[in-house]
Amino acid sequence: MTDKIKTLREAEEKERAVLVGLSCRIFSEEENSSEESLSELAALLDTAGGEVVATVLQNRGEPDVRSYIGEGKAREIAELVKANDAVLVVFDNELSPSQERSLEEIMDCRVLDRSGLILDIFAGRARTAEGKLQVELAQYKYLLPRLTGMWGHLVRQTASGGKSPIGTRGPGETQLETDRRHVRIHMQKLEKQLEDVRRTRELQRKRRRKNEIPVVAIVGYTNAGKSTLLNRLTGSNIEANNRLFDTLDTSTRYLRISDGCEVVISDTVGFIRRLPTHLIEAFKATLEELEYADLILHVIDVSNPDWIAQAKVTEKLIDELAGENVPRLEVFNKADVCPVEELLGKGLLISARTGEGIDELLAAIEKEVGRSTMRVRLHLPFKRGDLVEILRREARIEKLDYTPEGIEIEAVVKESLYGKVKDYVVTNDAL
């Protein structure tokens, strides 16, 4: 009974919202709102802690300059807001700051667009210091052009989001900043801190390159099952829930595939259609890992009816962030809950939840990143001690012993290095 009361109380505390989408002839397919994109917006609202009470999809020749959907339609939605005791209207499309202010005046409630909602979710979900820095910078870029006239409903913002209404979980200032110059100065400080993060990551990458450890990045649309896959591959216990943007902070683990193949594998933030540009920019300290990856695993949720469109969105973002030269493997996830006969032969079919297809995936990863390496056992004479330093720089030494007869070494070397040490090889195994 107690649990039931708690559930009812939580349902009562959810902010009631009306969702609005606009479809125009002059919009591109990606810009237009649709039943599918509104359904995704509803899932985003649920992630943010809100509840959908009504949905409106408006068709127009072009958006209204002042009120976006037209003043008459805006007043209709205002009545809908009153009738349903809603406190928030969320637009599926991008609104200008002036349009937001006009709509708030007409509807007499808070108005938020898709980008604002996504940023609000990020503000409530970031956990690491780096993640919080990235979110804070992205929010300031979003809020800067909206300073005029908007502080009235941003009454007090808390650092962690707390009980703040959806769309007001801001960077956590102790007082409202109305001076744009101060905001820009703060943004510059954040950018400098993020630059320090990038330098730290570059040092980590150099150490990995020195040790010849390949980097595998898991990417995909939000809620495709990336964290579940990382848990399955590495035995980790990263929280993985069935909701959008459950993972914001990058998780990195070592994965030993076989005796001779070990990789660093990272789970990245999920992609989504119409991801705010300034959010991509702010998150480059994390997402630039894609550019340095030896292999990208593109995880696709084939149980989602819209998976083809989602895969295209992800591919476009991968091209932008990583370029077209990084090897990729398409990994069709959740194959256990949908008929995927048409996918046979097109990619790797797996279920991160049940473990189906994981052995085949590991073999494919090893084939891609370990194809030019081999494990060797060497016996070096003391006069060839120079090779020890070369091995330290360019190979992964797993065992090194100095004996009266010489230097015994076990190492994983690339094919390019093998020619330098082959005269001293006792045994070798191709990997």
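Positions are given from 1, in the same order as the sequence printed here. Side chains are part of it too, since the values below use all heavy atoms of this structure and drop only hydrogens, waters and symmetry mates.
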- [ ] Could you tell me whether Arg110 and Glu15 have a side-chain N and a carboxylate O separated by less than 4.0 Å?
- [x] yes

Open item on the list: Can a donor-acceptor pair be found, under 3.5 Å and without considering hydrogens, that links the side chain of Arg232 to the backbone of Arg353?
Closed with: yes

- [ ] Keeping the roles fixed (side chain from Ser39, backbone from Glu35), state whether a donor-acceptor pair exists under 3.5 Å.
- [x] no

- [ ] Look at Lys82 together with Asp108 and state whether they make a salt bridge at an N to O cut-off of under 4.0 Å.
- [x] no

Task: Min side-chain heavy-atom separation Ile296-Ile318 under 4.5 Å - done: yes

Open item on the list: Could you tell me if the side chain of Val299 sits less than 4.5 Å from the side chain of Phe332, heavy atoms only?
Closed with: no

TODO: State yes or no: are the ring centers of Tyr221 and Trp307 separated by less than 6.0 Å?
DONE: no

Task: Donor-acceptor pair between Ser303 and Asp301 side chains, under 3.5 angstrom - done: yes

- [ ] Provide the closest heavy-atom pair for Asp336 versus Ser351 in the form atom of the first, atom of the second, distance.
- [x] OD1-OG, 3.0 Å

Open item on the list: Does His298 form a side chain to side chain contact (heavy atoms under 4.5 Å, CB included) with Val331? I'd like the steps, not just the answer.
Closed with: CA-CA 6 Å; His298 177 188; Val331 181; over 6 Å; no

Open item on the list: What verdict does the side-chain hydrogen bond (donor to acceptor under 3.5 Å, both in side chains) test give for Asn93 and Ser33, after you've listed the backbone C-alpha separation in whole Å, the side-chain angles of each residue and the deciding distance to 0.1 Å?
Closed with: CA-CA 7 Å; Asn93 316 79; Ser33 190; 4.6 Å; no

Open item on the list: With heavy-atom distances below 4.5 Å as the criterion, would you say the side chains of Leu103 and Val89 are in contact?
Closed with: no

- [ ] May I have the step-by-step check of side chain to side chain contact (heavy atoms under 4.5 Å, CB included) for Leu22 and Cys24, ending in yes or no?
- [x] CA-CA 7 Å; Leu22 179 65; Cys24 291; 3.6 Å; yes

Open item on the list: To the closest 0.5 Å, what do you measure between CD1 (Ile77) and CZ (Phe91)?
Closed with: 5.0 Å

- [ ] Compare all side-chain heavy atoms of Glu330 with those of Leu348 and state whether any distance is below 4.5 angstrom.
- [x] no

TODO: Could you tell me whether Asp92 and Arg273 have a side-chain N and a carboxylate O separated by less than 4.0 Å?
DONE: no

Open item on the list: Donor-acceptor check, side chain of Asp294 to backbone of Val215, threshold 3.5 angstrom: yes or no?
Closed with: yes

Task: side chain to side chain contact (heavy atoms under 4.5 Å, CB included) between Leu417 and Leu391, worked out - done: CA-CA 8 Å; Leu417 179 58; Leu391 288 164; 3.9 Å; yes

TODO: Would you confirm whether Gln99, through its side chain, and Ser96, through its main-chain N or O, come within 3.5 Å as a donor-acceptor pair?
DONE: yes

TODO: Using side-chain contact (heavy atoms from CB on, under 4.5 Å) as the criterion, point out the one residue from Leu80, Val90, Val52 that pairs with Val18.
DONE: Leu80

Open item on the list: To the nearest 0.5 Å, what is the distance between CD on Gln310 and CG on Asn223?
Closed with: 9.0 Å

Task: Lys226: which of Leu297, Ile218, Asn333, Asn231 passes side-chain contact (heavy atoms from CB on, under 4.5 Å) - done: Ile218

Open item on the list: Check this for me: does any side-chain nitrogen of one of Glu76 and Lys73 sit under 4.0 Å from a carboxylate oxygen of the other?
Closed with: yes

Open item on the list: Could you walk me through whether Ser23 and Gln58 satisfy the side-chain hydrogen bond (donor to acceptor under 3.5 Å, both in side chains) test, starting with their C-alpha distance in whole Å, then the side-chain angles of each, then the deciding distance to 0.1 Å, before giving a yes or no?
Closed with: CA-CA 6 Å; Ser23 177; Gln58 166 79 336; over 6 Å; no

TODO: Run the numbers on Asp113 and Tyr142 for side-chain hydrogen bond (donor to acceptor under 3.5 Å, both in side chains), then give the verdict.
DONE: CA-CA 11 Å; Asp113 63 12; Tyr142 178 78; 2.7 Å; yes

TODO: Test Leu19 against Leu45 for side chain to side chain contact (heavy atoms under 4.5 Å, CB included), laying out the working first.
DONE: CA-CA 9 Å; Leu19 304 186; Leu45 182 71; 4.1 Å; yes

Task: Spatial distance of atom CG (Asp359) from atom CD1 (Ile350) [nearest 0.5 Å] - done: 11.5 Å

TODO: Give, for atom CD of Glu104 and atom CG of Leu88, the distance between the pair rounded to the nearest 0.5 Å.
DONE: 9.5 Å

Open item on the list: For the CG atom of Leu362 and the CG atom of Leu255, what is their distance to the nearest 0.5 Å?
Closed with: 6.0 Å

TODO: Grab the two heavy atoms, one from Ile272 and one from Leu317, that are nearest each other, plus how far apart they are.
DONE: O-CD1, 4.5 Å

TODO: Run the salt-bridge test on Glu136 and Lys141 with the 4.0 Å N-O cut-off and return the result as yes or no.
DONE: no

Open item on the list: Could you measure the distance from the CG atom of Leu229 to the CG atom of Asp267? Nearest 0.5 Å is fine.
Closed with: 8.5 Å

Task: SB check Lys334 Glu356 (cutoff 4.0 Å) - done: no

